[in-house]
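This report refers to the structure that appears directly beneath it.
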Amino acid sequence: MPLWPCRIRAQPEPIQRQTAVQGLQVRNRLVCRPPRPYNGAIFRNIFRFLGLGSMRASQYLIATLKETPSDAEVISHQLMLRAGLIRKVASGLYNWLPMGLRTLRKVERIVREEMDRSGAQEVLMPAIQPSELWQESGRWEQYGPELLRLRDRNDREFCVGPTHEEVITDMIRREVKSYKQLPANFYQIQTKFRDEIRPRFGIMRSREFIMKDAYSFHLGTESLQATYDLMYQTYNNIFNRVGLDFRPVLADTGSIGGNSSHEFHVLASSGEDDIAFSDSSDYAANVELAEALAPAGERAAATMDMHLVDTPDAKTIADLVKLHETPIEKTIKTLIVRASDECESDFVALLVRGDHELNELKAEKLALVAAPLTMASEDEFRPVIGAGAGSLGPVNMPIPCIVDRAVAMASDFGAGANIDGKHYFGINWGRDLELPQVADLRNVVEGDPSPDGQGTLSIRRGIEVGHIFQLGQKYSEALGATVLDENGKAKLMDMGCYGIGVSRVVASAIEQNHDEKGIIWPDAIAPFHVALVPLNYDKSDDVKALADRLYLDLQQAGYDVLLDDRKERPGVKFADMELIGIPHRVVISDRGIAAGTLEYKGRRDSENQDIAIDQLLATLADKLSI
RNA sequence: CGGAGUGUAGCGCAGCUUGGUAGCGCAUCUGGUUUGGGACCAGAGGGUCGUAGGUUCGAAUCCUAUCACUCCGACCA
């Protein structure tokens with residue numbers, strides 16, 4: 001009998017983990033198929049087939065290093081090298097050694113199972129793609145040097161695929177003819193290549209990487225939205241099963257456009273993106289996107305007269321605060337940017353509070369502001385305003401001003417006087433000058449109210465491991481991918497696109513789960529579940545007999561076991577197993593056998609625990625969640 | 001692409017200023033002693049000093065070019 005259908009039938013419900021995304025997975029709980037009854041016996045039994053198998057350490061490549069290679073910057077890169085999971089072949093290119101590949105395969109398997117469960121169909125497309133398709137979509141020109149292009153012996157042009165919209169759209173326009181075949185969702189787990197300007201952080205930002213990409217096809221945006229929601233749920237299931245602390249966050253739809261887009265971020269201090277999320281709701285967004293609400297309440301009444309002060313040494317907000325003892329929230333930064341054609345002036349002044357940062361995305365969406373956002377140079381604006389960058393402000397500003405919501409709420413504030421070396425203090429809107437146009441101009445900061453009205457925002461770093469978004473008809477239109485509708489008329493398909501950086505998930509799991517001794521794998525993706533560490537395996541017949549027996553018993557029970565039968569001293573074995581990050585360790589010794597016990601230690605535990613030999617399976621069943 | 005830096009044994013590094021023909025620790029192999037937290041002793045193997053050219057009696061060392069890698073920045077469906 002083929003194994004594959006058995007697998008599907010025997011799948012357990014995804015394990016709900018309380019540790020990750022508290023409360024988030026309840027959102028839009030979509031049931032794609034009736035839940036199957038959980039049958040522990042079948043699960044356990046079948047798991048034997050699902051496991052990657054057990055190994056004896058003496059016959060396995062344990063490529064641990066004592067010292068950290070000098071070019072490894074982030075912790076996941078260092079530990080992946082030290083634990084012998086990967087080795088660098090060239091910049092941004094890595095070998096996966098056996099130990100690392102096991103984890104990669106386990107992540108892949110979880111992704112595959114959950115994608116299959118959602119009803120998506122697995123395909124495999126070529127890594128090398130013909131230029132013709134990219135020319136059809138227009139991306140042959142659009143995509144910069146990040147697209148690795150090459151020629152074959154016949155001088156035809158190809159690229160190494162960084163993504164597969166063109167190929168899948170081409171495939172579907174040939175195969176799918178009728179609305180009756182929709183909706184449909186196709187995915188692959190494949191090697192991608194992006195010729196990054198600067199690969200770094202090891203597997204986190206390599207040039208070649210493994211990605212799960214899925215593309216869905218629809219007639220109508222409602223159907224697209226339904227599959228989008230299903231993928232949103234599927235991604236939550238996947239990252240919960242992997243065992244990561246993550247957040248789905250609202251993301252910029254970027255150059256593709258479309259209605260909505262979510263990125264899935266693993267929270268880790270080494271992340272490259274800032275994520276803002278509410279402390280009391282499921283709101284989360286890329287900091288670039290999070291709306292900065294107006295401060296609550298009324299503007300405070302004026303208590304000072306506006307007065308001009310000589311500030312020859314205050315070129316920056318920091319100087320102003322230091323030299324003139326002004327609270328930073330009472331200062332205003334004035335930034336001059338190029339104006340759009342709609343504006344009668346060449347420039348526009350954008351005002352944010354001294355302690356806030358301009359959000360360029362928000363600014364360039366304003367009608368009066370030229371996109372892309374371009375800061376004006378002092379040479380350009382000095383003739384118009386008559387002052388340099390350190391002395392700008394709203395009072396007597398000859399060009400249109402747009403002020404941030406927080407600026408609009410300020411009173412008694414200080415700002416440049418548009419005269420070199422002078423600032424006004426005690427400025428108040430309405431009394432000293434008219435309040436100009438108000439807009440959301442700034443990045444949110446820690447402690448701001450959440451845009452959904454519930455709670456306040458925290459900001460943490462995140463590693464993007466997944467991204468889902470709606471492509472709409474961009475590619476179906478470019479490539480002419482149509483189906484016939486009920487009336488026999490050709491209609492362009494709507495498309496969605498859903499990616500997971502599979503190899504990056506491995507690195508991000510380490511970023512989130514490690515200590516000074518090494519990696520601490522979540523059970524679900526650990527290369528081995530249990531490290532069996534016999535002491536004196538080569539000398540003691542009792543130890544050897546028991547270790548061999550337990551090795552078989554644990555395999556029977558469905559665990560992936562690494563039996564460390566190497567002729568090494570105990571300290572070496574312990575250190576290696578901890579560095580590699582095997583989450584459960586069982587030590588077998590003559591001393592223990594005499595007392596009828598084994599020693600159990602979870603990777604995060606600080607103390608060993610003696611357990612009766614016949615209690616091992618029960619203990620592991622209790623400690624291990626797979 | 002701009003800025004900075006590094007290339008010496010599998011890994012981490014010294015040697016370079018002041019040229020004299022390569023060394024340390026870890027790892028590996030052999031023998032012995034050890035054996036509950038990365039052992040010890042004795043011995044061994046392993047290097048075109050990134051590459052090419054130049055200066056010199058002589059270059060890891062000085063000069064020139066070049067390649068690779070790393071870091072910071074710009075970039076990132």
Side-chain angles (χ1 to χ4, degrees), chain A residues 61-74 77-78 81-84 87-93 97 134 137-139 142-147 159 161-166 168-169 192-202 204-207 209 211 213 215 251-258 261 263 272-273 286 288 372 464 466-472 474-475 478 495-499 501 504 516-518 533-540 543 564 566-580 585 587-593 598-599 601 608 610:
Chain A
L61 182 60
I62 306 229
T64 51
L65 304 172
K66 277 190 193 174
E67 285 172 293
T68 305
S70 58
D71 55 358
E73 188 77 353
V74 294
H77 189 195
Q78 293 173 0
L81 289 168
R82 286 229 292 136
R87 289 288 186 262
K88 187 168 78 170
V89 175
S91 178
L93 304 176
L97 302 184
W134 286 71
S137 72
R139 283 160 111 195
Q142 257 177 42
Y143 229 100
E146 205 170 284
L147 185 66
C159 64
T163 175
H164 280 71
E165 281 87 0
E166 283 83 359
I168 190 80
T169 308
K192 308 278 191 203
F193 191 93
R194 290 180 196 173
D195 201 354
E196 294 274 352
I197 295 169
R198 187 147 91 83
R200 56 186 127 175
F201 306 150
M204 289 260 281
R205 203 188 233 319
S206 52
R207 292 192 292 176
F209 55 99
M211 184 165 169
D213 48 330
Y215 307 89
D252 186 19
T253 47
S255 53
I256 296 288
S261 175
E263 290 171 353
E272 294 185 86
D273 296 292
N286 213 307
E288 292 186 328
E464 184 189 348
H467 196 168
I468 59 177
F469 57 94
Q470 303 185 4
L471 293 171
K474 178 180 162 109
Y475 293 94
M495 292 173 59
C497 169
Y498 320 93
R504 187 181 275 189
E516 66 289 342
K517 291 174 177 168
V533 184
L535 305 184
N536 263 323
Y537 183 84
D538 57 321
K539 296 266 173 63
S540 163
V543 166
D564 196 346
R566 293 176 300 170
K567 246 178 109 172
E568 290 288 353
R569 299 163 64 86
V572 173
K573 296 184 181 189
F574 295 155
D576 274 351
M577 296 302 113
E578 282 160 346
L579 175 58
I580 292 166
R585 184 183 82 190
V587 177
I588 302 157
S589 65
D590 283 314
R591 202 166 75 194
I593 290 173
L598 300 163
E599 216 176 83
K601 184 167 182 291
N608 298 326
D610 285 333

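Nucleotide B:C75 holds its C1' atom 13 Å from the CD atom of A:Glu288, rounded to whole Å. Summarising the geometry, the separation between CG on A:Asp564 and P on B:G36 is reported as 15 Å, rounded to the nearest angstrom. Between the NZ atom of A:Lys567 and the C1' atom of B:G38 there is a distance of 18 Å, given to the nearest Å. Nucleotide B:A39 holds its P atom 13 Å from the NZ atom of A:Lys573, rounded to whole Å. The distance between atom CD of A:Glu196 and atom P of B:C71, rounded to the nearest whole Å, is 13 Å. When rounded to the nearest whole Å, the span between CD of A:Gln470 and P of B:A77 equals 18 Å. Whole-Å rounding puts the A:Gln142 CD to B:C75 P distance at 18 Å. The separation between A:Leu579 atom CG and B:C11 atom P is 17 Å, rounded to whole Å.
Looking at every heavy atom in both residues, A:Thr64 comes nearest to A:Ala83 through CG2-O, 3.9 Å. The nearest pair of heavy atoms linking A:Glu166 to A:Ser137 is OE2-OG, 2.6 Å. Contact between A:Arg139 and A:Thr163 at its shortest, heavy atoms only, is NH2-CG2, 3.5 Å. A:Arg207 and A:Phe209 get closest at one heavy-atom pair: O-CD2, 3.4 Å. Smallest separation of non-hydrogen atoms from A:Pro199 and A:Gly92: CB-CA, 3.9 Å.
For B:G38, the base has no donor-acceptor partner in the side chain of A:Arg566 [N/O atoms by modelled type, under 3.5 angstrom]. For A:Arg569 and B:U34, a side-chain-to-base donor-acceptor distance below 3.5 Å is present, hydrogens and geometry of angles not being considered. For A:Arg194 against B:A77, a side-chain-to-base donor-acceptor contact under 3.5 Å is present. The base of B:G38 lies outside donor-acceptor range of the side chain of A:Glu568, with no N or O pair under 3.5 Å. The base of B:C71 is not paired with the side chain of A:Arg200 by any donor and acceptor separated by under 3.5 Å.
The side chain of A:Val572 approaches B:A39 more closely than any other nucleotide in the set B:A39, B:C72, B:A77. Nearest nucleotide to the side chain of A:Arg205, out of B:C76, B:A77, B:U70: B:C76. Among B:G36, B:U70, B:A77, the nucleotide with an atom closest to any side-chain atom of A:Ser91 is B:U70. With B:A77, B:G38, B:C72 as the choices, the nucleotide that has an atom nearest any side-chain atom of A:Phe469 turns out to be B:A77. Residue A:Glu146 places its side chain closer to B:C76 than to any other of B:C69, B:G36, B:C76. Closest contact between the side chain of A:Lys88 and the listed nucleotides B:C69, B:C76, B:C72 involves B:C69.
Using Watson-Crick or G-U wobble geometry with both donor-acceptor distances under 3.5 Å, B:G10 finds its partner in B:C26. Nucleotide B:G31: paired with B:C41 (Watson-Crick or G-U wobble, both distances less than 3.5 Å). Across all strands shown, the partner of B:A52 is B:U64, judged by Watson-Crick or G-U wobble contacts whose two distances both fall under 3.5 Å. In a base pair of the Watson-Crick type (N1 to N3 plus N6-O4 or O6-N4) or a G-U wobble (N1-O2 and O6-N3), with each distance short of 3.5 Å, B:G47 is matched with no nucleotide. Across all strands shown, B:G73 pairs with B:C1; the Watson-Crick or G-U wobble distances both stay below 3.5 Å.
The shortest distance between the side-chain N/O atoms of A:Ser589 and the OP1/OP2 oxygens of B:G36 is not below 4.0 Å. The phosphate of B:U70 has neither OP1 nor OP2 within less than 4.0 Å of any side-chain N or O from A:Ser70.
Spacing of P atoms, B:U61 relative to B:G53, comes out at 14 Å, to the nearest Å. The gap from the C1' atom of B:C1 to that of B:C75 amounts to 10 Å, rounded to the nearest Å. The P atoms of B:A14 and B:G37 are separated by 33 Å, rounded to the nearest whole Å. Only the C1' atoms considered, B:C41 is 34 Å distant from B:A60, to the nearest whole Å. Atom name P, nucleotides B:G20 and B:A59: the rounded distance is 11 Å, in whole Å. For B:G2 and B:U66, the P atoms lie 13 Å apart once the distance is rounded to whole Å. Of the C1' atoms belonging to B:G50 and B:U34, the separation is 43 Å, rounded to the nearest Å. Comparing the P positions of B:C13 and B:U8 gives an interatomic distance of 10 Å, to the nearest angstrom.
Counting non-hydrogen atoms under 4.0 angstrom, A:Leu65 reaches nothing in the nucleic acid. Using a 4.0 Å heavy-atom distance criterion, A:Glu578 is classed as a base contact. A:Arg504 comes within 4.0 angstrom of nothing in the nucleic acid, heavy atoms only. Within 4.0 Å (heavy atoms only), A:Met577 reaches no atom of the nucleic acid at all.
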N/O-N/O pairs, protein side and nucleotides 1-7 of chain B side, under 3.5 Å:
none

Under-3.5 Å N/O pairs linking protein and nucleotides 25-27 of chain B:
| unit_1 | atom_1 | unit_2 | atom_2 | d |
| --- | --- | --- | --- | --- |
| B:G25 | N2 | A:Glu67 | OE1 | 2.8 |
| B:A27 | OP1 | A:Lys66 | NZ | 3.3 |

Is there a side-chain hydrogen bond (donor to acceptor under 3.5 Å, both in side chains) between A:Gln78 and A:Thr68 once you walk through the steps? CA-CA 6 Å; A:Gln78 293 173 0; A:Thr68 305; 4.9 Å; no
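Residues passing the salt bridge (Lys or Arg N to Asp or Glu O under 4.0 Å) test with A:Glu73, sequence neighbours excluded: none. Evaluation of the salt bridge (Lys or Arg N to Asp or Glu O under 4.0 Å) rule for A:Arg585 yields A:Glu578 as partners, not counting sequence neighbours. Annotation: ring pair (Phe, Tyr, Trp, His ring centres under 6.0 Å) contacts of A:Phe574 (sequence neighbours excluded): none. Taking the ring pair (Phe, Tyr, Trp, His ring centres under 6.0 Å) definition, one finds that A:His77 meets it with A:Tyr94, sequence neighbours left out.
Just one residue in the list A:Gln470, A:Glu165, A:Lys474 forms a side chain to side chain contact (heavy atoms under 4.5 Å, CB included) with A:Cys497, and that residue is A:Glu165. Of the listed residues (A:Ile588, A:Asp590, A:Val543, A:Val587), just one forms a side chain to side chain contact (heavy atoms under 4.5 Å, CB included) with A:Leu535, and that residue is A:Val587.
Nearest-nucleotide positions on RNA chain B for A:Cys497 and A:Leu535 put A:Leu535 closer to the 5' end. Nearer the 5' end of RNA chain B, as judged by each residue's closest nucleotide, is the contact made by A:Pro199, out of A:Pro199 and A:Met211.
Ion pairing of A:Glu272 with A:Arg205 is present here, as a side-chain N (NZ or NE/NH1/NH2) and a carboxylate O approach within less than 4.0 Å.
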